[in-house]
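Everything below concerns the one structure shown next.
Numbered from 1 within each chain, the chains take letters A, B, ... in sequence-line order. We use all heavy atoms of the structure for the numbers below, so side chains are in, but hydrogens, waters and symmetry mates are not. This structure is a prediction, so every number in the text was calculated from the model and none was measured.
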There are 2 protein chains.
Amino acid sequence: MTYAKTGWTTLADPTRRTIFERLVERPCSVSELASALPVSRPAVSQHLKVLKDAGLVADTPSGKHRIYRVDQAGLAALRTELDQFWSKTLAAYKLAVEQPPEEQ
Amino acid sequence: MTYAKTGWTTLADPTRRTIFERLVERPCSVSELASALPVSRPAVSQHLKVLKDAGLVADTPSGKHRIYRVDQAGLAALRTELDQFWSKTLAAYKLAVEQPPEEQ
DNA sequence: CTTACGCGTCAGTGATGACTTACGCGAAAA
DNA sequence: TTTTCGCGTAAGTCATCACTGACGCGTAAG
């Protein structure tokens, strides 16, 4: 079992997490995001590409600007991922707690 | 705002994620885990240390063995982290969708 | 008491990823 | 048409991290 670039792993990076949370508040351009973060504009662009590849954001051209916004489908997929992880984890954990392993 | 080593970032690593999921199923020793994973025993030991530092697992000595198990308090904290992330994200997203930014 | 086992840690290696500067292309402004 | 702006990408650098083999300590077995 491998863990592809999902929402979870994509958002584990602090800079990407911050970018995503700003886009949750409202759509932004690269320059807007770059001016609010302690990294360069190409770094923001690179992170946005990762977020886009993970399906978490989408962009649309607007004149010279490209506006990035949260992708609702990607948000739903992230929610599903979190829910599935939790359901599976809780189920297995409860099973393990309720049935201690037999003495071997 | 920085993102410390929390459950989220800790479990973004595939090997640590797998180790954690195995411990959810049942407590294990380092050797048990190492025999089931494609990495060496010291690597498993190092990952367990990271999981322990994040509060996700705890260990108890059992003869020569150390048995690692999921820390219920850490599980609860992870659940809280996921819930808080989601609540905050949904609230901000709904606010953004409902009130498009004014023309500036 | 001696030997074997489990495992934490150290030191070293290599890959990866985050960042930077520079470049070039497309769109808007002048 | 020319200049300016926004931004994606290339190439390079550096820090971090995941991994390995070796070592040494504590516990159990002989």
Side-chain angles (χ1 to χ4, degrees), chain A residues 1-23 26-69 71 103-104, chain B residues 1-23 26-69 71 103-104:
Chain A
M1 169 187 4
T2 62
Y3 295 97
K5 270 292 186 190
T6 63
W8 189 302
T9 56
T10 298
L11 292 173
D13 177 83
T15 305
R16 262 194 310 281
R17 177 77 170 260
T18 302
I19 289 172
F20 178 75
E21 287 176 352
R22 283 185 171 269
L23 290 179
R26 63 183 176 80
C28 290
S29 67
V30 180
S31 306
E32 270 185 283
L33 290 164
S35 67
L37 291 172
V39 295
S40 63
R41 188 196 48 77
V44 172
S45 209
Q46 286 155 11
H47 280 297
L48 284 167
K49 184 182 189 322
V50 175
L51 287 166
K52 189 177 172 185
D53 289 346
L56 290 169
V57 306
D59 65 319
T60 49
S62 174
K64 283 188 286 191
H65 289 270
R66 297 195 75 78
I67 303 298
Y68 281 84
R69 70 188 71 248
D71 185 323
E103 210 73 9
Q104 272 179 323
Chain B
M1 169 190 1
T2 62
Y3 295 97
K5 271 292 185 184
T6 64
W8 189 303
T9 56
T10 298
L11 292 173
D13 178 83
T15 304
R16 258 191 314 281
R17 177 77 168 261
T18 301
I19 290 172
F20 179 75
E21 287 176 352
R22 282 182 171 270
L23 290 179
R26 64 182 177 80
C28 290
S29 66
V30 178
S31 306
E32 269 184 286
L33 291 163
S35 66
L37 291 171
V39 294
S40 64
R41 191 195 46 75
V44 172
S45 212
Q46 285 155 10
H47 280 297
L48 283 166
K49 184 182 190 324
V50 176
L51 287 167
K52 191 176 170 186
D53 289 348
L56 290 168
V57 306
D59 66 318
T60 49
S62 177
K64 284 188 286 193
H65 290 271
R66 298 194 74 80
I67 303 299
Y68 282 84
R69 68 188 71 247
D71 186 324
E103 209 72 9
Q104 268 181 324

Heavy-atom closest contact ([X] atom, [Y] atom, distance):
X	Y	result
A/R41	A/A34	CA-CB, 3.8 Å
B/Y68	B/L23	O-CD2, 3.3 Å
B/T15	B/D13	N-OD2, 3.1 Å
B/T10	B/R16	O-NE, 2.8 Å

Just checking A/S40: base, sugar-phosphate only, or nothing, at a heavy-atom cut-off of under 4.0 Å?
->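 Base contact - A/S40 has a heavy atom under 4.0 Å of at least one base atom.
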
Calculate the interatomic distance between [X] atom [atom1] and [N] atom [atom2]; express it in whole Å.
X	N	atom1	atom2	value
B/L11	D/dA18	CG	P	12 Å
A/E32	D/dG6	CD	P	11 Å
B/Y68	C/dC7	OH	P	8 Å
B/K49	D/dC17	NZ	C1'	14 Å
B/I19	D/dA18	CD1	P	11 Å

Does any residue of residues 55-67 of chain A have a heavy atom under 4.0 Å from DNA chain D, and if so, which ones, in number order?
-> A/K64, A/H65, A/R66

Using Watson-Crick or G-U wobble geometry with both distances below 3.5 Å, tell me the partner of D/dA29, or none.
->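 For D/dA29, the partner nucleotide comes out as C/dT2, under the 3.5 Å rule.
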
What is the pairing partner of D/dT20, taking Watson-Crick or G-U wobble pairs with both distances under 3.5 Å in any strand?
->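 Base-paired to C/dA11.
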
Report the nucleotide, chosen from [options], that has the shortest atom-to-atom distance to any side-chain atom of [X].
X	options	answer
A/H47	C/dA11, C/dT20, C/dA18	C/dA18
B/D13	D/dC19, D/dA18, D/dT9	D/dA18
A/R41	C/dA18, D/dA18, D/dC7	D/dC7
B/A43	C/dT20, C/dC7, D/dT20	D/dT20

Are A/L11 and A/T6 close enough that some pair of their side-chain heavy atoms sits under 4.5 Å apart?
-> no

Starting from the C-alpha separation in whole Å, work towards a yes-or-no answer on side-chain contact (heavy atoms from CB on, under 4.5 Å) for A/K49 and A/D53.
-> CA-CA 6 Å; A/K49 184 182 189 322; A/D53 289 346; 3.2 Å; yes

Tell me which of A/P38 and B/L48 sits closer to the 5' end of DNA chain C, going by the nucleotide each one is nearest to.
-> B/L48

Between B/Q46 and A/V39, just flag the one whose closest nucleotide in DNA chain C comes earlier from the 5' side.
-> B/Q46

Just to confirm, is there a sub-4.0 Å distance from OP1 or OP2 of C/dC19 to any side-chain nitrogen or oxygen of A/T15?
->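 It does, given that an N or O in the side chain of A/T15 lies less than 4.0 Å from OP1 or OP2 of C/dC19.
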
Under 4.0 Å between a side-chain N or O of B/S31 and OP1 or OP2 of C/dC5?
-> no

Chi angles and distances behind the side-chain contact (heavy atoms from CB on, under 4.5 Å) call for A/L51, A/I19 = CA-CA 9 Å; A/L51 287 166; A/I19 289 172; 3.7 Å; yes

